[in-house]
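A short worksheet on the structure shown next.
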There are 2 protein chains.
Amino acid sequence: MSVQERKQRERAERERLIVATARELAEKQGWDAVTTRRLAERIEYSQPVLYSHFRGKREIIGAVALDGATEMAEAVRAATSAADGPRARVSALARAYLDFAERNPAVYEALFDLDGGLAFAREDTPAPLKDAFAALLETLGEVAGDGVEPGLFTEVFWAALHGLATLTRAQRLLPELAERRVELLVDRLAVV
Amino acid sequence: MSVQERKQRERAERERLIVATARELAEKQGWDAVTTRRLAERIEYSQPVLYSHFRGKREIIGAVALDGATEMAEAVRAATSAADGPRARVSALARAYLDFAERNPAVYEALFDLDGGLAFAREDTPAPLKDAFAALLETLGEVAGDGVEPGLFTEVFWAALHGLATLTRAQRLLPELAERRVELLVDRLAVV
DNA sequence: TCGATTGTCTAGCGGTGCTAGGATCGAGTC
DNA sequence: GACTCGATCCTAGCACCGCTAGACAATCGA
């Protein structure tokens with residue numbers, strides 16, 4: 001059985017390589033540059049090998065997105081746990097979220113703009129996505145205000161962050177106002 | 001000169017036809033279905049004719065986006081002018097915005113998700129885009145609150161709406177909370 | 001050692017955005 | 001009214017895309 005185990009290990013390793021390479025290529029040259037041919041060349045295998053790991057390009061994007069969701073949840077939790085008081089935590093959350101989106105544009109794109117074939121807000125939502133939302137909920141739930149459901153408040157706050165992230169990336173907002181936008185958002189939305 | 005004028009008129013008419021057909025096709029079957037071949041077939045001309053009007057597919061998407069911006073500005077102004085008082089106007093604006101995004105998903109996509117080669121938040125921003133932002137500013141400026149610049153407040157409110165619009169379209173939010181999300185957003189952000 | 005299974009590759013299909021170059025047509029001139 | 005010539009449009013084709021069938025080689029179990 002040892003031989004089979006080794007092969008399985010190698011296969012899993014190659015799958016990680018595919019996802020990591022796709023992500024790297026996307027961050028460096030944009031998702032348009034991530035073609036199955038180029039990806040195959042980078043991992044030094046032929047094109048059809050990709051299809052023995054994933055059903056298609058969509059699924060590869062989805063895999064990058066799931067990795068990203070896990071990382072984003074970690075980043076948010078790390079930032080909020082280092083802050084004192086609800087106000088500081090919300091502020092840290094907002095900055096961590098926007099910072100992640102800005103530092104990993106291709107991953108953020110995979111998560112929200114591209115079709116990675118992922119389910120959301122449903123029963124069959126993948127665990128990393130649920131957990132990323134949970135990470136937001138943990139901090140935002142405590143500043144929802146009286147009579148407002150934590151889930152509802154989190155959706156609205158998250159939508160606002162998402163809007164800022166995407167419009168910023170698309171250069172549709174004035175760069176010099178970035179910091180004040182975050183402050184205004186936190187001040188108005190959060191009840192502390 | 002009359003012949004030349006007629007030709008110019010016909011050419012402008014054909015250009016409108018291209019944009020209208022692209023939009024219609026995108027709304028019915030999604031932007032993926034809008035290929036230069038299919039578009040050419042629909043307007044009953046050969047493919048290269050498209051390139052005598054636009055530099056490429058990107059520019060066609062951009063043209064659809066500009067049309068959409070004009071319509072959205074109209075929709076927002078119509079909704080706000082029919083409402084009494086600042087609170088009602090902001091609420092009407094939010095609903096009109098989200099309604100437009102939901103009713104014209106392909107146009108909204110062309111405006112904000114796809115690359116239509118348009119400039120934003122800069123000097124060379126096309127007039128319809130500036131005007132659409134101005135339409136938001138007219139109503140939102142009066143509820144920015146003391147010491148908050150209207151432009152800054154409008155950017156934040158707009159980002160929140162944009163986030164709601166895109167996350168809703170991507171089915172990432174709970175549908176049954178839609179109405180309460182808008183109410184919460186307006187209540188918290190606007191100073192009335 | 002041999003057959004079967006697994007793994008990988010080459011080659012190719014139908015599609016994409018885009019363009020070069022030739023045919024056609026019609027306006028302006030003699 | 002015939003002719004020239006420029007504008008207009010189309011056919012054909014390029015390089016690339018995602019994806020897959022089928023040939024081939026390596027490895028496994030008997």
Side-chain angles (χ1 to χ4, degrees), chain A residues 1-19 21-23 25-26 29-65 106 109-110 113-118, chain B residues 1-19 21-23 25-26 29-65 106 109-110 113-118:
Chain A
M1 288 297 135
S2 175
V3 172
Q4 278 197 10
E5 283 175 8
R6 193 205 69 220
K7 288 202 170 182
Q8 236 174 327
R9 239 181 11 245
E10 287 172 352
R11 222 186 119 71
E13 178 52 39
R14 193 173 61 181
E15 191 158 315
R16 274 192 296 274
L17 179 64
I18 292 172
V19 177
T21 306
R23 174 173 177 171
L25 195 51
Q29 304 182 233
W31 277 107
D32 277 354
V34 183
T35 69
T36 55
R37 281 171 175 69
R38 203 139 26 198
L39 192 48
E41 195 191 5
R42 292 284 179 102
I43 64 167
E44 294 181 309
Y45 281 95
S46 75
Q47 237 179 328
V49 165
L50 299 174
Y51 293 85
S52 75
H53 289 273
F54 302 94
R55 299 169 69 89
K57 193 185 171 182
R58 265 180 45 162
E59 252 186 28
I60 298 177
I61 296 173
V64 172
E109 214 172 325
D113 293 345
L114 303 176
D115 180 12
L118 303 173
Chain B
M1 287 297 136
S2 176
V3 172
Q4 278 197 10
E5 282 173 10
R6 194 205 69 222
K7 288 203 170 183
Q8 234 172 331
R9 238 181 11 245
E10 286 172 352
R11 219 185 121 72
E13 180 51 39
R14 193 173 62 183
E15 190 159 315
R16 274 193 296 273
L17 179 64
I18 292 172
V19 177
T21 306
R23 174 173 177 171
L25 195 52
Q29 305 183 233
W31 277 106
D32 277 353
V34 183
T35 69
T36 54
R37 284 183 226 291
R38 201 137 32 199
L39 192 49
E41 194 192 6
R42 292 286 179 101
I43 64 166
E44 295 180 309
Y45 281 95
S46 73
Q47 236 179 329
V49 165
L50 300 175
Y51 293 86
S52 75
H53 288 273
F54 302 96
R55 300 170 69 88
K57 193 184 170 181
R58 265 180 44 162
E59 251 186 28
I60 297 177
I61 297 173
V64 172
E109 214 172 326
D113 291 346
L114 303 176
D115 180 14
L118 303 173

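Below, chain A is the first sequence line, B the second, and so on; all start at residue 1. Scope of the values below: all heavy atoms of this structure, side chains included, with no hydrogens, waters or symmetry mates.
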Side-chain heavy atoms of Ile43(B) within contact of Leu50(B), under 4.5 Å: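 Counting from C-beta outward, Ile43(B) and Leu50(B) do come under 4.5 Å.
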Is the shortest heavy-atom distance from the side chain of Asp115(A) to the side chain of Ile61(A) under 4.5 Å?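 When only atoms from C-beta onward are counted, Ile61(A) and Asp115(A) do not touch, as no gap falls below 4.5 Å.
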Distance check needed: [N] [atom2] versus [X] [atom1], whole Å only.
X	N	atom1	atom2	result
Lys57(A)	dC16(D)	NZ	P	15 Å
Ile61(B)	dG17(C)	CD1	C1'	11 Å
Asp32(B)	dC17(D)	CG	P	17 Å
Ile18(A)	dT8(C)	CD1	P	10 Å
Trp31(A)	dG18(D)	CH2	P	12 Å
Tyr51(A)	dC13(C)	OH	P	17 Å
Glu41(B)	dT16(C)	CD	P	11 Å
Glu10(B)	dG26(C)	CD	P	12 Å

Looking for any heavy atom pair under 4.0 Å, which part of the strands does Ser46(B) touch: base, sugar-phosphate only, or nothing?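 Base contact.
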Under 4.0 Å, counting only non-hydrogen atoms across every strand here, what does Arg38(B) touch: a base, just sugar-phosphate, or nothing?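 Answer is sugar-phosphate: Arg38(B) comes under 4.0 Å of backbone atoms only.
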Trace of the salt bridge (charged side-chain N to carboxylate O under 4.0 Å, His left out) decision for Glu41(B) with Arg38(B): CA-CA 5 Å; Glu41(B) 194 192 6; Arg38(B) 201 137 32 199; over 6 Å; no
More than 12 non-hydrogen atoms from neighbouring residues, nucleotides or ligands closer than 6.0 Å to CD on Glu44(B), yes or no?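 No, the 6.0 Å shell around CD holds no more than 12 heavy atoms from other groups.
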Can you confirm whether Arg55(B) is buried at CZ, in the sense that more than 12 heavy atoms of other residues, nucleotides or ligands lie under 6.0 Å from that atom?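 Counting other residues, nucleotides and ligands, CZ of Arg55(B) stays at 12 neighbours or fewer.
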Looking at Thr36(B), does any N or O in its side chain come under 4.0 Å of the phosphate oxygens OP1/OP2 on dC18(C)?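 No, no such contact exists.
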State whether the distance check finds a donor on one side and an acceptor on the other, under 3.5 Å, for side chain Gln47(B) versus base dC10(D).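 No, the side chain and the base share no sub-3.5 Å donor-acceptor pair.
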If you assign each of Arg37(B) and Arg14(B) to its closest nucleotide in DNA chain D, which residue comes earlier from the 5' end?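 Final value for this comparison: Arg14(B).
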DNA chain C: 5'-proximal contact among Arg58(B) and Arg11(A) (nearest heavy atom):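 Checking each residue's closest nucleotide, the 5'-ward one belongs to Arg11(A).
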